[in-house]
Amino acid sequence: MTIEGELGRLKVGDLHPVRLMGIINLSAESFYKGSVSTPESAASFAMRMAEEGAEVIDVGAVSTAPGSPFISEDVERARLFPALENILEDVDLEVSVDTQRASIADLALSRGASCINDVSCLREPRMAEVVAEHDASLLIMASKDRPGDLLELKDIIPRLAAAVSTAVNKGVDPRKILVDPGIGRWVPEKTYEYDLAILDRMRSLRSLGKPVVAAVSRKSFIGAVLDLRDPAERLTGSIAATAIAVYNGAHVVRTHDVAACRDAVRIAQAARGRQMRSGRVELLQVAGSAEELRCVLDWVGVDPGAHEMLWKKGSFMAIAVEGITPMEALVIKQEMLAAGGDAAVPRGALRCDPSANRAVIFGTLAQIERLVRKLRLQPFRLPAIASEIENVLCKDVSKYRIADDQTTLSGPRR
């Protein structure tokens with residue numbers, strides 16, 4: 001799976017640089033006072049961020065920080081539009097508007113904004129329709145009853161999936177939808193441990209197939225870990241959290257500190273490389289590396305001769321394959337079941353539906369090696385798919401070669 005999307009005119013996703021989204025707040029209630037601007041200074045604020053490397057400006061007039069007062073639509077309108085007009089007139093960047101109100105979104109998009117950042121997760125039914133009418137981009141943050149109130153990815157991912165489906169059904173271009181897991185202490189129950197867990201497992205959001213936005217800048221979980229109550233003191237921690245988010249797959253970074261984060265983002269993206277993809281095959285998840293499991297086996301005290309067999313049984317991975325025929329998907333599932341693992345295939349595969357062109361393989365490394373050996377003996381394009389699976393494993397799991405009769409730790413087969 002290659003994730004591709006659009007934020008206004010910008011291409012975002014796996015094959016593009018991580019985009020920097022600079023934050024401008026027009027609300028004096030915002031938790032970080034360094035991000036607050038007046039309508040008169042908003043354009044110069046945005047120009048400075050553009051010089052520092054921002055490609056998107058996210059401007060909002062209502063603070064959603066815990067304890068913030070209610071702001072009426074009239075006040076939001078009065079704060080937002082003078083600043084928005086100045087920014088759009090003076091800065092050639094994509095402009096996102098942070099609002100939960102469809103009426104504000106409608107007017108902002110008609111004035112020239114290219115994206116709506118909705119932290120309420122489409123609480124207003126008309127929001128998606130408005131975005132669709134303007135053919136704009138839509139950033140959806142995971143929320144249920146209140147912005148950011150979902151605590152764990154097991155709840156965040158299905159909520160975002162449902163919101164994406166709603167937006168598409170309302171006419172929003174699927175290529176123009178981005179997702180945000182909602183890191184931050186939006187509600188009292190969301191302690192820093194939840195935010196750290198989301199940050200650690202951010203790559204799981206790839207299952208949604210949409211570009212991921214990381215909004216971690218100067219947030220309370222950083223203060224909780226570092227014992228820094230003042231957001232003004234959280235820059236170093238903010239840069240570290242941003243780098244982790246990018247390494248774990250974020251495609252857009254929403255930040256108060258464009259210049260300070262820019263180089264960290266570049267290093268983190270370079271370190272993660274492109275997603276482990278070779279043609280039709282992508283490694284989605286892997287648990288249990290050769291090095292880690294060998295250390296565990298040494299600790300147990302097993303016979304060194306058993307290392308090779310045991311570590312491969314102790315690893316587990318999920319591999320996506322796309323661009324295949326329904327028959328190839330069914331053969332992959334059959335052979336994976338025979339190897340002791342499994343594969344998920346589209347329900348239309350049995351009907352030979354042409355859209356059933358993908359599968360996800362689940363199993364240990366040992367089981368997947370058996371699958372590769374079996375696929376080499378199959379017709380269609382399955383031998384070539386076997387080679388692509390092997391190449392992906394060689395990039396990320398270990399430097400080994402799958403031979404017809406044995407597996408050796410060496411380079412990829414030529």
**OP:** Kindly indicate, with the supporting measurements, whether the criterion side chain to side chain contact (heavy atoms under 4.5 Å, CB included) is fulfilled by Ile24 and Ile87.
**Re:** CA-CA 10 Å; Ile24 297 179; Ile87 292 171; 4.1 Å; yes
Original post:
What's the shortest heavy-atom distance between Arg79 and Pro82, and which atoms?
Top reply: O-CD, 4.0 Å
**OP:** Test Met127 against Ile116 for side chain to side chain contact (heavy atoms under 4.5 Å, CB included), laying out the working first.
**Re:** CA-CA 9 Å; Met127 181 65 86; Ile116 295 299; 3.9 Å; yes
**OP:** Answer yes or no: is there a side-chain heavy-atom contact under 4.5 Å between Thr191 and Arg185?
**Re:** yes
**OP:** Take Val12 and Glu6, measure what side chain to side chain contact (heavy atoms under 4.5 Å, CB included) needs, and give me the verdict at the end.
**Re:** CA-CA 6 Å; Val12 293; Glu6 300 173 10; 5.7 Å; no
**OP:** Without swapping roles, check the side chain of Ser165 against the backbone of Ala162 for a donor-acceptor pair under 3.5 Å.
**Re:** no
Original post:
Taking the side chain from Arg159 and the backbone from Cys121, do they hold a donor-acceptor pair closer than 3.5 Å?
Top reply: yes
**OP:** Specify the closest pair of heavy atoms between Leu109 and Cys115, including all atoms of both residues, with the distance to one decimal.
**Re:** CD2-N, 4.0 Å
**OP:** With Thr99 as reference, evaluate Glu73, Arg77, Glu76 under the side-chain hydrogen bond (donor to acceptor under 3.5 Å, both in side chains) test and give the passing residue.
**Re:** Glu76
Original post:
Below 4.5 Å, heavy atoms only, C-beta onward: do Val91 and Met47 meet side chain to side chain?
Top reply: yes
Original post:
Could you walk me through whether Ile198 and Lys190 pass the side chain to side chain contact (heavy atoms under 4.5 Å, CB included) check?
Top reply: CA-CA 11 Å; Ile198 295 168; Lys190 198 168 190 179; 4.1 Å; yes
**OP:** Determine whether more than 12 heavy atoms belonging to other residues, nucleotides or ligands lie under 6.0 Å from atom CZ of Arg229.
**Re:** no
Original post:
Any sub-3.5 Å donor-acceptor pair from Ser238's side-chain atoms to Arg218's backbone N or O?
Top reply: yes
Original post:
Does any donor atom in the side chain of Asn25 or Ser27 lie under 3.5 Å from an acceptor atom in the other side chain?
Top reply: no
Subject >> Pairs satisfying side chain to side chain donor-acceptor pair (under 3.5 Å), at least one member in residues 113-136, at least two apart >> reply: Asp58-Asn117, Glu94-Ser114, Gln100-Arg123, Asp106-His134, Asp118-Ser120, Glu129-Lys170, Asp135-Lys176
Original post:
Just wondering, are more than 12 heavy atoms of other shown residues or ligands nearer than 6.0 Å to CZ in Phe362?
Top reply: yes
Original post:
When rounded to the nearest 0.5 angstrom, what distance separates OG1 in Thr325 from CG in Asp353?
Top reply: 12.0 Å
**OP:** Compare all side-chain heavy atoms of Val18 with those of Arg272 and state whether any distance is below 4.5 angstrom.
**Re:** yes
**OP:** Applying salt bridge (charged side-chain N to carboxylate O under 4.0 Å, His left out), name anything that partners Lys374, two or more places apart in sequence or on another chain.
**Re:** none
Original post:
Do you know the tightest heavy-atom contact between Ile104 and Phe81?
Top reply: O-CZ, 3.7 Å
Original post:
Do Val164 and Leu208 come within less than 4.5 Å of each other through their side chains, counting heavy atoms only?
Top reply: no
Original post:
With a 4.5 Å heavy-atom cut-off, do Val392 and Glu388 have their side chains touching?
Top reply: no
Original post:
Rounded to the nearest 0.5 Å, what separation is found between the CG atom of Leu199 and the CD1 atom of Ile183?
Top reply: 5.0 Å
Original post:
Are side-chain heavy atoms of Lys219 and Arg234 found at a separation under 4.5 Å?
Top reply: no
Original post:
Within a radius of less than 6.0 Å around OH of Tyr192, do more than 12 heavy atoms belonging to other residues, nucleotides or ligands occur?
Top reply: no
Original post:
Crowded around Leu226 CG? As in, over 12 foreign heavy atoms under 6.0 Å?
Top reply: yes
Original post:
Quick one: CD1 on Ile389 to CG on Leu375, what's the gap to the nearest 0.5 Å?
Top reply: 5.5 Å
Original post:
Counting N and O atoms only, with roles assigned by atom type, does the side chain of Lys210 sit under 3.5 Å from a partner on the main chain of Pro174, one being a donor and the other an acceptor?
Top reply: yes
For residues 144-155, dump all side-chain donor-acceptor pairs below 3.5 Å to protein atoms at least two apart in sequence or in another chain.
{"unit_1": "Asp149", "atom_1": "OD1", "unit_2": "Lys144", "atom_2": "N", "d": "2.8"}
{"unit_1": "Asp149", "atom_1": "OD2", "unit_2": "Asp145", "atom_2": "N", "d": "2.8"}
{"unit_1": "Asp149", "atom_1": "OD2", "unit_2": "Arg146", "atom_2": "N", "d": "2.9"}

Original post:
At what distance, to the nearest 0.5 angstrom, does CG of Leu7 lie from CG of Leu139?
Top reply: 7.5 Å
Original post:
Take atom CG in Asp227; do more than 12 heavy atoms of anything else shown fall under 6.0 Å from it?
Top reply: no
Subject >> Backbone N/O of Val36 and side chain of Ser30: donor-acceptor pair under 3.5 Å >> reply: no
**OP:** Evaluate the side-chain hydrogen bond (donor to acceptor under 3.5 Å, both in side chains) criterion for residues Ser41 and Thr38: first the C-alpha distance (whole Å), next the side-chain angles of each, then the deciding distance (0.1 Å), finally the verdict.
**Re:** CA-CA 5 Å; Ser41 62; Thr38 64; 2.9 Å; yes
**OP:** Any chance you could measure Ile368, atom CD1, to Leu393, atom CG, to the nearest 0.5 Å?
**Re:** 6.0 Å
**OP:** Output the distance between atom CG (Asp98) and atom CE (Met21), rounded to the nearest 0.5 Å.
**Re:** 9.5 Å
Subject >> Side-chain ion pair, Glu328 and Arg381, N-O less than 4.0 Å >> reply: yes
Subject >> Any donor-acceptor pair under 3.5 Å from Arg262 side chain to Glu52 backbone >> reply: yes
Original post:
Can you tell me if Arg19 uses its side chain to pair, donor with acceptor, with the backbone of Lys11 under 3.5 Å?
Top reply: yes
Original post:
Are side-chain heavy atoms of Arg376 and Val372 found at a separation under 4.5 Å?
Top reply: yes
**OP:** Can you see which heavy atom on Val345 is nearest to which on Ala359, and at what distance?
**Re:** CG1-CB, 4.0 Å
Original post:
Which pair of heavy atoms, one from Met141 and one from Trp186, lies closest together, and at what distance?
Top reply: SD-CZ2, 3.4 Å
**OP:** Spell out, as yes or no, whether a donor-acceptor pair under 3.5 Å connects the side chain of Arg370 to the backbone of Ala339.
**Re:** yes
Original post:
Is it true that a side-chain atom of Asn86 and a backbone atom of Ala42 form a donor plus acceptor pair closer than 3.5 Å?
Top reply: no
Subject >> More than 12 heavy atoms of other groups within 6.0 Å of Arg175 CZ >> reply: no
**OP:** Using a strict cut-off of less than 4.0 Å between a Lys/Arg side-chain nitrogen and an Asp/Glu carboxylate oxygen, indicate whether Asp14 and Arg206 qualify as a salt bridge.
**Re:** yes
Original post:
Just wondering, do Ile222 and Leu228 contact through their side chains at under 4.5 Å, heavy atoms?
Top reply: no
Original post:
When you measure from the side chain of Asp200 to the backbone N and O of Leu196, does any donor-acceptor pair fall under 3.5 Å?
Top reply: no
**OP:** Would you name the heavy atoms of Ala264 and Ile239 that are closest together and state the gap between them?
**Re:** CB-CG2, 3.5 Å
